[in-house]
4 protein chains.
Amino acid sequence: MSTSHGKALRADALRNRRRALDAATALLAEPGGPPKVEAIAERAGMGAGTVVRAFGGKDALMDAAVAELLEPLVLRGRQILERDGGPTALRAFLAELMAFQAAHYAVNDQLAGLDLPATTALRAELVRVVDAMLGEGREQGAIRSDIDPVLVTSLVGETAFTIAKASHGTPELAEAYLEVLMDGLRPRVP
Amino acid sequence: MSTSHGKALRADALRNRRRALDAATALLAEPGGPPKVEAIAERAGMGAGTVVRAFGGKDALMDAAVAELLEPLVLRGRQILERDGGPTALRAFLAELMAFQAAHYAVNDQLAGLDLPATTALRAELVRVVDAMLGEGREQGAIRSDIDPVLVTSLVGETAFTIAKASHGTPELAEAYLEVLMDGLRPRVP
Amino acid sequence: MSTSHGKALRADALRNRRRALDAATALLAEPGGPPKVEAIAERAGMGAGTVVRAFGGKDALMDAAVAELLEPLVLRGRQILERDGGPTALRAFLAELMAFQAAHYAVNDQLAGLDLPATTALRAELVRVVDAMLGEGREQGAIRSDIDPVLVTSLVGETAFTIAKASHGTPELAEAYLEVLMDGLRPRVP
Amino acid sequence: MSTSHGKALRADALRNRRRALDAATALLAEPGGPPKVEAIAERAGMGAGTVVRAFGGKDALMDAAVAELLEPLVLRGRQILERDGGPTALRAFLAELMAFQAAHYAVNDQLAGLDLPATTALRAELVRVVDAMLGEGREQGAIRSDIDPVLVTSLVGETAFTIAKASHGTPELAEAYLEVLMDGLRPRVP
DNA sequence: AATGAATGAGGGTTCATTCAT
DNA sequence: GATGAATGAACCCTCATTCAT
């Protein structure tokens, strides 16, 4: 007789969590530094106390919001890797990373110095995906090996978010950067 | 016409400005987010009110501090350009830019979203210097021309500060990044 | 005339009241200040709203909870008075009062400044019981009469709750206090 | 030429500290639970932030306020002990303790569970003074020795504050209590 | 003119109560 | 009727700025 869910009671709670998350990510995409709790609450159409209680503190909310943004990115990275393989995937994925970053105004800068476990974990995942792409590329001779592979991975992975910052709203710049980066990653001709 | 007394006071004021600036730049080089006015004042050995009054607000102080950091960088860029010319200068200068950024903990992030006219002007100066380096490089055929030169300049100039962020404290990473960037900027082999 | 359905609902409501009261008294016996409504609700295995609704506010719940703790104490006092009579009863009863207080962590302190009618009434009852004990004692010449009887009653009654506080967890101290108090209450030898 | 103080600059700061302290102790003497920071600030005629900054947090302010109340009490205790010696001093001092407590509405209860180092230290001082009084009394045979002296000291010292609670505004009750306590502390007649 | 204490708006958080489910 | 999430006022605290000394 009982549904398999047993969660009917939390329907509105989940909806509000969602709305708070959406509001947070939306504000994260705008200039003006870390969004205030009250601003998030207002945009979400709810009280300030609600967003705090729903996540247990502003930091946790931020973590959840960024994690929600990052998760599909990781999945997308794996998809692209499987579909295209190696260096082709790398280029496509980096383009998406940059587009993401461009769409979310300085997400990382705003959260510098905070303790965001989910975000940290997902960024590590991103690094792993990029590492896999670079690994395949090196095996195929498409990615240079004269620089410590670990460094290259770190470089691409760690800077993937910050490099896009400069290409704010100008896709051509991101494209140019990508072009330069990919060429720079090719093996040097002797 | 000016009394020696009035001059003495001016001298004091100037010395205070200087000490406040030194304190601000010193704190800008440390982790912990934007320095508080009181912290700057303490390090400068003066009252908090003096710091604010000397610059007319914290933002103006920050602007002055960053400008002071950037100014020698611009001069240095011009020097290097004259000395080495073109692409050689570019590489050397980018290395210095990164080292500077590494030495001044996330200066840009701390000041994101603020109105800093002097800083903005100096960053434009930096772009012009880089542009000159790239221009010479293109004329010599050492820098690729298949990407809009304006874009490349913007790319290098705008990202010069952010790219170093990821390589914090690991010079090898900065070096690797530089290597990749310079190779990516070379004309494509057909 | 009453439907069994209606009765069933009443039974539920009563059972909820009971569980809420039990939870409240249990938490009143623990350190940590006045228990939060949500803590009471959780321990009672019900929603926070139910707890409030069942009593019409937290204060009323607290009043009911303390009253429930005090009521058996009053009955016990009457029992002891009937059984032992006068001063013997007094000593035995005071010991129980202290034990009660020790078992219910600072009940009074937690509720200072609240409006608790039932509690107030029961405390008056306690005073009356103690008064009766003292009265018998005075008639028997076992309790001093050189101090205004009303004062002595008030003294013993009002302090019965607070004196035990200092002896928290150290029965010897409570015992010592009781010894001193009883001796002090004896008629002075001339 | 310079004054021996060198503190002229802080004249107003000290005055405000004093006013905040006075406001705090005044509110501590009134019913209504722990005073709110804003209430203290308003009564002291200053902003809320000022009282916090002046003491580094509400707890510290409370500690300072209570300590200020307690300090003269300790000194007074030592005076009385020197002047009267032993049990006479005890009675006089306890009377003052009770009067103090009566004048400062439930000071202790309001602060239960807080970390108040200065207060704690001063309370220990009070215990030591009382201990000295009891010790002399026991040597003179004026204070009973059939109860562990440590217990008696603890009893008197620890309860000195709480016992006065019941005598709110009624000196006769405090007097009656004192009478009973002193008699109870006498050696038992065999 | 410098000082550093006072200010006070604004921040995140808590919690008794209310209300949609 | 019970639920527990939403509410929102109230709390303590921070910090750039102001102002009496």
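All values below were derived from every heavy atom in this structure, side-chain atoms included, with hydrogens, water molecules and symmetry-related copies excluded. Each chain gets a letter, A, B and so on, in the order the sequences are listed, and its residues count up from 1. None of these values were measured; they are calculated from a predicted model.
- Remark: E68(B) CD is packed, more than 12 non-hydrogen atoms of other residues, nucleotides or ligands lying under 6.0 Å away.
- The stretch residues 42-51 of chain B touches DNA chain F through G49(B), each having a heavy atom under 4.0 angstrom from the strand.
- A donor-acceptor pair is defined here as one N or O able to donate and one able to accept, closer than 3.5 Å; no such pair exists between the side chain of K58(C) and the backbone of K36(C).
- Mapping R17(A) and P34(B) onto DNA chain F by nearest heavy atom places R17(A) at the nucleotide closer to the 5' end.
- With distances taken from any side-chain atom of K36(C) to the nucleotides dG12(E), dA16(E), dA16(F), the minimum falls on dA16(E).
- Rounding to whole angstrom units, CZ of residue R19(C) and P of dA2(F) are separated by 10 Å.
- Remark: P of dT17(F) and CD1 of I40(B) are 11 Å apart, rounded to the nearest angstrom.
- In the model, N16(C) has no side-chain atom that pairs as donor or acceptor with a side-chain atom of T50(C) under 3.5 Å.
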Original post:
Does the pair I40(A) and M62(A) meet the rule for a side-chain contact (heavy atoms from CB on, under 4.5 Å), with working shown?
Top reply: CA-CA 11 Å; I40(A) 297 173; M62(A) 287 302 161; 3.8 Å; yes
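- Taking every side-chain heavy atom of V52(B) into account, dT18(F) is the closest of dT18(F), dA16(E), dT14(F).
- Residue L61(D) contributes atom CG, which lies 15 Å from atom P of dC11(F) at whole-angstrom precision.
- We find that CE of M62(A) is positioned 15 Å from C1' of dT13(E), with the value rounded to whole Å.
- Taking atom CG on L114(D) and atom P on dC12(F), their separation rounds to 11 Å, with Å as the unit.
- Across all strands shown, dT21(F) forms a Watson-Crick or G-U wobble pair with dA2(E), both key distances being under 3.5 Å.
- Searching all strands for a Watson-Crick or G-U wobble partner of dA10(F) with both distances below 3.5 Å returns dT13(E).
- When the P atom of dG8(F) is taken as reference, atom CD of E38(A) falls 11 Å away, rounded to whole Å.
- For R43(D), the CZ atom counts as densely surrounded, since its 6.0 Å shell holds more than 12 non-hydrogen atoms of other residues, nucleotides or ligands.
- Around the CD atom of E30(C), the shell of radius 6.0 Å holds more than 12 heavy atoms that belong to other residues, nucleotides or ligands.
- When the side-chain nitrogen and oxygen atoms of N16(C) are compared with OP1 and OP2 of dG1(F), none of them lie within a distance under 4.0 Å.
- With respect to R53(A) and E38(C), a salt bridge is recorded, a charged nitrogen being found less than 4.0 Å from a carboxylate O.
- Ranking dT17(E), dA2(F), dC15(E) by closeness to the R53(C) side chain, first place goes to dA2(F).
- At whole-Å resolution of the value, CG in L27(D) and P in dC11(F) are 13 Å apart.
- When rounded to the nearest whole Å, the span between CZ of F55(C) and P of dA2(F) equals 12 Å.
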